[in-house]
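Because only heavy atoms are used, hydrogens play no part in the values below, and waters and symmetry mates are left out as well, while side chains stay in. Letters go in sequence order (proteins before strands), and every chain restarts at 1.
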Amino acid sequence: MDYEQIMQLALERGFYFPSCEIYSDAHAGFWEYGPSGTSLKNKFIELWRRELVRRDRMWEIDGSQIMSGSVFAASGHLASFADPVIKCKKCHLIFRADKLIAEVSSIVIPESADLDQFDKAVAEKNIKCPKCKGDFDSARKFNMMFRVGIGPQDEAAYLRPETCQSIFVDFPRLYKTMRGRLPIGVAQIGKSFRNEISPRQSLLRLREFYQAEIEVFCNPGRLDEIAGFSEVENTVLNIMTDDVIRPMTCREAYESKTVPNKLVAYYLGLLAEFYRKTGIDTGRSRFRKLGEKEKAFYASVAFDFEVETTTGWLELVACNYRSDYDLTSHANASKEKFEVLDDNVKVLPHVFELSMGIDRSLYTILEHSFREDKENERVVLSLRPYLAPVHVGVLSLVKKDGLAEKTDEIFSRLKTRYDAFLDHSGAIGRRYRRLDEVGAPFAVTVDHQTLEDGTVTVRQRDSMSQERIKEADLGSYLSASLAFP
RNA sequence: GCGGAGUUAGUCUAGCCCGGCAUGACGUCAGCUUCCCAAGCUGAAGGCCGCGGGUUCAAAUCCCGCACUCCGCACCA
C-alpha cells in the first residue's frame, strides 16, 4: 500500500477529504474528517483515555483555542515561533534573515533580535540576493501563529500553536482544587494551529490539527520514585541512539541510563503499550533520542516516537523533558505562584511532556491496517475491532420472505450500543466487500434459517469465515469481541 | 516561498499536441434475477472539464493570472 491508495480510500469511504473543497479559495492545510474518520478518531481517543489518562489517574482538561498574547509572550512563541525573513525585491525569493546574514558575512544576529538589526547588517555588508543579485526589502517577521482580533478594538490574541500552554496556565488552579500529588499528569485533546509555509500530504502536515498532550508535573528530586514502574518494567522499547535501534525493556533502558530516570522510562512504556493496542506495527517504530542540536530549546532530554510509513519515518509523538522552563516563565510573567508542597517540601515542579499528533497517528493506523487481499479480490482494513468505524454490518441475505423485516428488528436492537450499519440491497458478497473496506470486523447475516431456529451467521472480516450463533446471544458476542483491551 | 509535474462525475481515466455533441471503467441508486462472498440483465442519477480573465463564430483543448494536489528544495516547537 502507499500514500495514494490510502488517500483514495479516505476520499471514497468518508475518512477524510479537503476542507471547503467546493470553493476555489480553499486554503491548503485544512482537512475534514468524514463519518468513518470521525468514528475512528473517537475510538482512538477513547483508547488513549483508557491507556493513559485513566490508567495513570491523570486530569483531563479542555482549554480555549484562542489565548491571550501574554501567554505566548511568556512561553516564548511571540519571539521565537517567528522567523525573521527578508524578500528579494527583484525575484521575490524569501530568505531567513539571520541565516543568510550569518552565511555571507559571519555576523551572528539572534533570530529574536529587533528587525532593524537585520536591515542594518544587510545595508552595512551590502548583502544582495544570492540568486539574482537583487536588493532586499526590509526584514519582517513571519510568525507561525495565527493572530486573531478580539472585540471591536481588534485586540491581538492567538490561536494556540500547541495545546500544552493551557495546561501550564491552568496548573495552579488544578493543583489547588483537584487534590492530587506529584507526579501528576494533566492531559488534553484539542486543536492546535500553525501557519505552516507549505502544508503537505493531507493529515501529515496540517495548519489546523489535533493534539493529544500530556504534561506530567513532577518533583525533580524524586524522578526515580515511580509507583507504577513495575507495571511496565518488562515492556519493550525500541530505542534509537546514534543511528542504531536497540530493543530493550523499560527496566534495561533505565538501568543502562539510556533514558535518564524511571519517570521517563515509565511514560515511554505507557506510550509504547498504547500504540501497540492501536494496531500500528510497533516492530516498525522507534523512540529516537534527539541530539543536542535537534532538541527544542526548552528540552533537556527528548525522544521522538517515530513510525515507518510509505512516506518515510514519521514523528507521531514528541517526548520532551521540559524541566521548569514553562512554569518559571509563566510564574515570572504572571506573578502567579507555581510552587507546590510535595511531602511537605516546597518545590517548583518540572514537566515531562508527551505531545501526540492525532491526525498522523490515524493516518498511520490506516496505512498499517490496509491490506490488499488479491486472492479474494478485496481491500481490507484490518483495524482492531474496538477502533473500527463500523462495528458490525447487519445484512439480510435476501429482502423477501420476511428476512428484511427480521433484519430491521435485529438492527434496531444493536444500533444504540454499537456502530452498526444496516444493508439490504445488492449482492451479499458486494456488501461484505464494502464492510471490509471500512474495517467492520463483523457482519451479521439474516437468512431463511434465522426464521426457523432464531440463529444468524456472523462473518469475520479477516478470515471471511462464518459461524452460526443464536440471535439472543448476539449482544454478548459483540460486547466481548468489541471490548477495549 | 522556489523549481518540476498535475487538476475532467464519488474514484480512476480518454479527449488537449491539431479548438467543433465530454469518453470509458469502477462505484452509487431503482427494478428483475440469483441466494453466503465484487455474477447477470434493465434502467437512472451524477460534470459550470479547479477558479477567474483573454483570443475566437466556437475553448476541456490556445494564451494570461490565481488556487489546490503531488514530488524535490527550503522550512519544521
Side-chain angles (χ1 to χ4, degrees), chain A residues 2-5 7-14 17-31 34 72 75-77 80-83 85-88 91-96 99-100 129-132 142 144-145 160-165 192 194-202 204-205 211 213 290 294-299 302 304 311 315 318 320 322 325-326 353 355 357 373 375-379 393 395-401 403 425-437 443-449 456-461 463-466 468:
Chain A
D2 59 20
Y3 174 82
E4 292 296 329
Q5 284 175 289
M7 195 64 235
Q8 188 172 335
L9 181 76
L11 292 171
E12 282 185 331
R13 293 285 172 224
F17 45 87
S19 181
C20 311
E21 60 177 337
I22 65 168
Y23 287 107
S24 61
D25 64 346
H27 292 286
F30 300 94
W31 292 72
F72 302 111
S75 70
H77 285 84
S80 63
F81 204 59
D83 294 333
V85 292
I86 44 175
K87 185 173 180 178
C88 171
C91 70
H92 306 301
L93 263 178
I94 290 181
F95 295 87
R96 274 283 294 266
K99 294 198 171 173
L100 182 69
C129 172
K131 193 183 174 197
C132 74
F142 175 73
M144 298 259 291
M145 285 197 293
R160 59 185 180 188
E162 54 183 16
T163 56
C164 61
Q165 293 305 325
S192 289
R194 294 180 192 174
N195 201 355
E196 294 283 352
I197 294 171
S198 74
R200 280 287 164 85
Q201 291 173 313
S202 60
L204 304 189
R205 196 192 295 167
Q211 288 186 300
E213 290 198 300
L290 300 190
E294 280 184 292
K295 287 187 305 196
F297 61 85
Y298 50 70
D304 279 353
T311 65
E315 177 191 340
N320 296 309
R322 298 174 72 124
Y325 173 83
D326 304 281
E353 164 186 80
S355 175
D373 181 357
E375 191 185 337
N376 296 298
E377 293 183 74
R378 61 177 191 150
V379 162
L395 319 177
S396 50
L397 185 60
V398 291
K399 270 183 274 192
K400 56 190 181 187
D401 303 333
L403 294 189
S425 70
I428 192 77
R430 179 187 301 277
R431 284 178 275 164
Y432 288 145
R433 293 299 184 282
R434 276 191 292 238
L435 289 167
D436 290 340
E437 285 190 20
V444 169
T445 304
V446 171
D447 57 15
H448 290 96
Q449 196 179 328
V456 293
T457 62
V458 178
R459 172 190 183 266
Q460 312 273 338
R461 173 195 63 204
S463 65
M464 297 172 71
S465 63
Q466 285 178 299
R468 191 164 271 282

In whole Å, what is the span from the CD1 atom of I22(A) to the P atom of C49(B)?
15 Å
Would the base of C36(B) count as contacting D447(A) through its side chain, where contact means a donor and an acceptor less than 3.5 Å apart?
yes
In whole Å, what is the span from the CG atom of L204(A) to the C1' atom of U69(B)?
14 Å
Which nucleotide in the list C37(B), C51(B), C71(B) gets nearest to the side chain of Q201(A)?
C71(B)
Between V444(A) and V458(A), which heavy-atom pair has the shortest distance, and what is it?
CG2-CG2, 4.2 Å
Test side-chain contact (heavy atoms from CB on, under 4.5 Å) applied to Q211(A) and C164(A), S355(A), P161(A), the passing residue:
S355(A)
Indicate whether OP1 or OP2 belonging to C36(B) is found under 4.0 Å from a side-chain N or O atom of R431(A).
no
With a cut-off of less than 4.0 Å, is there a side-chain N or O of Y23(A) near OP1 or OP2 of C51(B)?
no
With the side chain of R434(A) defined as its heavy atoms from C-beta on, choose the nearest nucleotide among G27(B), A39(B), C75(B).
G27(B)
Take the protein atom CE of M145(A) and the nucleotide atom C1' of C76(B), then report the distance between them rounded to whole Å.
16 Å
Among C36(B), C75(B), G10(B), which nucleotide has an atom closest to any side-chain atom of E12(A)?
G10(B)
Under 4.0 Å, counting only non-hydrogen atoms across every strand here, what does E377(A) touch: a base, just sugar-phosphate, or nothing?
base
Indicate, with a heavy-atom threshold strictly under 4.0 Å, whether E437(A) touches base, sugar-phosphate, or nothing.
base
Touch check for H27(A), heavy atoms < 4.0 angstrom, all strands: base, sugar-phosphate only, or nothing?
sugar-phosphate
Applying a 4.0 Å non-hydrogen cut-off, can you work out what G76(A) is touching in the nucleic acid: base, sugar-phosphate, or nothing?
base
So if I take every side-chain heavy atom of R430(A) and compare against G27(B), C37(B), U69(B), which nucleotide ends up nearest?
G27(B)
Does S425(A) or A26(A) map to a spot on RNA chain B nearer the 5' end, using the closest nucleotide for each?
S425(A)
Do side-chain atoms of R378(A) reach the backbone of R433(A) as a donor and acceptor pair under 3.5 angstrom?
no
Provide, to the nearest angstrom, the distance between the CG atom belonging to D25(A) and the P atom belonging to C68(B).
9 Å
Using the rule given for salt bridge (Lys or Arg N to Asp or Glu O under 4.0 Å), can you reason through R468(A) versus D447(A), listing the C-alpha separation, both sets of side-chain angles and the distance that settles it, and then say yes or no?
CA-CA 11 Å; R468(A) 191 164 271 282; D447(A) 57 15; 2.4 Å; yes
Tell me if a side-chain donor or acceptor on Q5(A) pairs with a main-chain N or O of D2(A) at a distance below 3.5 Å.
yes
Calculate the interatomic distance between M7(A) atom CE and C71(B) atom C1'; express it in whole Å.
16 Å
Taking the minimum atom-to-atom distance to the side chain of R200(A), which one of C29(B), C2(B), U28(B) wins?
C2(B)
Nearest to the A28(A) side chain among C36(B), U69(B), U11(B), which nucleotide is it?
U69(B)
Select base, sugar-phosphate, or nothing to describe what S198(A) touches, counting heavy atoms under 4.0 Å on all strands.
base
For the side chain of A427(A), counting heavy atoms from C-beta on, which of C37(B), A39(B), U11(B) is nearest?
A39(B)
Could you tell me whether the phosphate oxygens of U33(B), OP1 or OP2, come under 4.0 Å of any side-chain nitrogen or oxygen in K400(A)?
no
Any N/O donor-acceptor pair, Y3(A) side-chain to C70(B) base, under 3.5 Å
no
Applying a 4.0 Å non-hydrogen cut-off, can you work out what E21(A) is touching in the nucleic acid: base, sugar-phosphate, or nothing?
nothing
Quick one: R378(A) CZ to G27(B) P, roughly how many Å, whole number?
17 Å
What contact category does N320(A) fall into here, base, sugar-phosphate, or nothing, at under 4.0 angstrom with non-hydrogen atoms?
nothing
With nearest nucleotide decided by heavy atoms, which residue, H448(A) or G429(A), maps closer to the 5′ end of RNA chain B?
H448(A)
So does E196(A) reach the base of C76(B) with its side chain, donor to acceptor, closer than 3.5 Å?
no
Would you indicate, yes or no, if G10(B) has its OP1 or OP2 atom less than 4.0 angstrom from a side-chain nitrogen or oxygen of Q8(A)?
no
Heavy atoms only: give me the nearest S202(A)-Y3(A) pair and the separation to one decimal.
OG-OH, 3.0 Å
Spell out, as yes or no, whether a donor-acceptor pair under 3.5 Å connects the side chain of Q466(A) to the backbone of T457(A).
no
What's T311(A) touching, base or sugar-phosphate or nothing? Going by heavy atoms closer than 4.0 Å.
nothing
